[in-house]
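Quantities reported herein were computed from a predicted structural model and do not represent experimental measurements.
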Amino acid sequence: MASTSPASRLVAAAARERLRPLGLRQRGRSRIWIDDHGWWLGVVEFPSPTWSRGSGLNVGAMWLWQDFDHLAFDFMERVSGSQEFRDEKQFAPVAAELARGAEERVEALRDRFPDLGAVARCLLERKDVPGYLWESFNAGVAAGLTGRTVLARARFAAVLAEDPVADWAREARRTARHLSGLAGDETAVREWARDAVLSCRAKLGLGAPPEGAGGPLVPDRP
């Protein structure tokens with residue numbers, strides 16, 4: 001098994017100090033930390049530079065109703081570009097500063113997305129852009145979940161207008177067409193979303209939602 005690099009060890013130690021007290025969990029031994037809200041995730045990534053040692057920082061959110069089997073940034077901020085590792089003495093304060101930035105952005109995401117209504121307002125403020133299918137899809141789901149039938153169908157229409165260039169795009173179009181038909185029934189949309197969230201959590205190995213996760217999209221704890 002390959003040994004952990006000095007840069008990764010320093011990043012992990014700094015992240016543990018800043019992010020564990022907030023309730024975040026490290027994703028295995030990776031440089032990714034998860035802030036689990038039941039139906040959405042805060043995702044913190046300390047990416048390693050391609051051609052050197054060191055780290056950057058990305059923080060964002062993932063909406064679990066997409067039912068992916070992988071983590072994704074649906075709403076992302078690149079907080080810091082790659083910071084180079086030269087030696088441990090030089091990089092330790094760099095890692096500490098990256099972890100501090102992650103802590104601040106996690107708390108800012110929590111403040112920005114306290115509930116489904118806040119998420120819907122944010123997503124619906126963003127215009128449809130050709131080529132960004134998931135932006136329109138997520139806005140459509142958020143609109144449907146909050147009873148905005150006309151807006152939901154308009155956003156799903158934007159998904160259906162996209163060229164289905166791959167299997168995932170064709171599947172997204174099928175789901176958008178289905179949800180457009182459900183959009184007049186907020187309860188049906190929520191039932192669909194709860195099933196999708198539960199499926200996504202299973203695919204990502206997240207287990208039961210954390211204690212305190214609330215809202216209509218959080219599956220019941222077993």
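- Ser199 meets the side-chain hydrogen bond (donor to acceptor under 3.5 Å, both in side chains) test with Asp67; sequence neighbours excluded.
- A salt bridge is absent between Arg53 and Glu84: the closest approach of a Lys/Arg side-chain nitrogen to an acidic carboxylate oxygen does not fall below 4.0 angstrom.
- Using a 4.0 Å cut-off between charged nitrogen and carboxylate oxygen, Glu88 and Arg9 count as a salt-bridge pair.
- Atom CG of Leu57 and atom CD of Glu45 lie 9.0 Å apart (nearest 0.5 Å).
- Of the charged side-chain nitrogens involved, at least one lies within less than 4.0 Å of a carboxylate oxygen, so that Asp36 and Arg201 count as a salt-bridged pair.
- Counting heavy atoms from C-beta on, the side chains of Arg25 and Arg20 never come closer than 4.5 Å.
- The number of heavy atoms from other shown groups lying within 6.0 Å of CZ (Arg86) does not exceed 12.
- No side-chain heavy atom of Val43 sits less than 4.5 Å from a side-chain heavy atom of Val59.
- Distance alone, capped at 3.5 Å, is enough to place a donor-acceptor pair between the Gln26 side chain and the Ser30 backbone.
- Residues Trp134 and Phe68 bring their aromatic ring centres within 6.0 Å.
- Classification of Arg100 and Glu103 as a salt-bridged pair fails, no side-chain N sitting under 4.0 Å from a carboxylate O.
- Comment: Arg194 does not engage Glu191 in a salt bridge, judged by the lack of any side-chain N to carboxylate O separation of less than 4.0 angstrom.
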### Task
Show the numbers, then the answer: is there a side chain to side chain donor-acceptor pair (under 3.5 Å) between Asn138 and Trp65?
CA-CA 8 Å; Asn138 289 325; Trp65 58 58; 2.9 Å; yes

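- Using a 4.5 Å heavy-atom cutoff, the side chains of Phe75 and Val119 are not in contact.
- Of the possible polar contacts, one joining the Gln66 side chain to the Trp63 backbone as a donor-acceptor pair under 3.5 Å is found.
- No donor-acceptor pair closer than 3.5 Å links the side chain of Asp163 to the backbone N or O of Val165.
- The CD1 atom of Ile34 lies 4.5 Å from the CG atom of Leu71; values are rounded to the nearest 0.5 Å.
- Between the side chains of Arg31 and Ser8, at least one donor N or O sits under 3.5 Å from an acceptor N or O.
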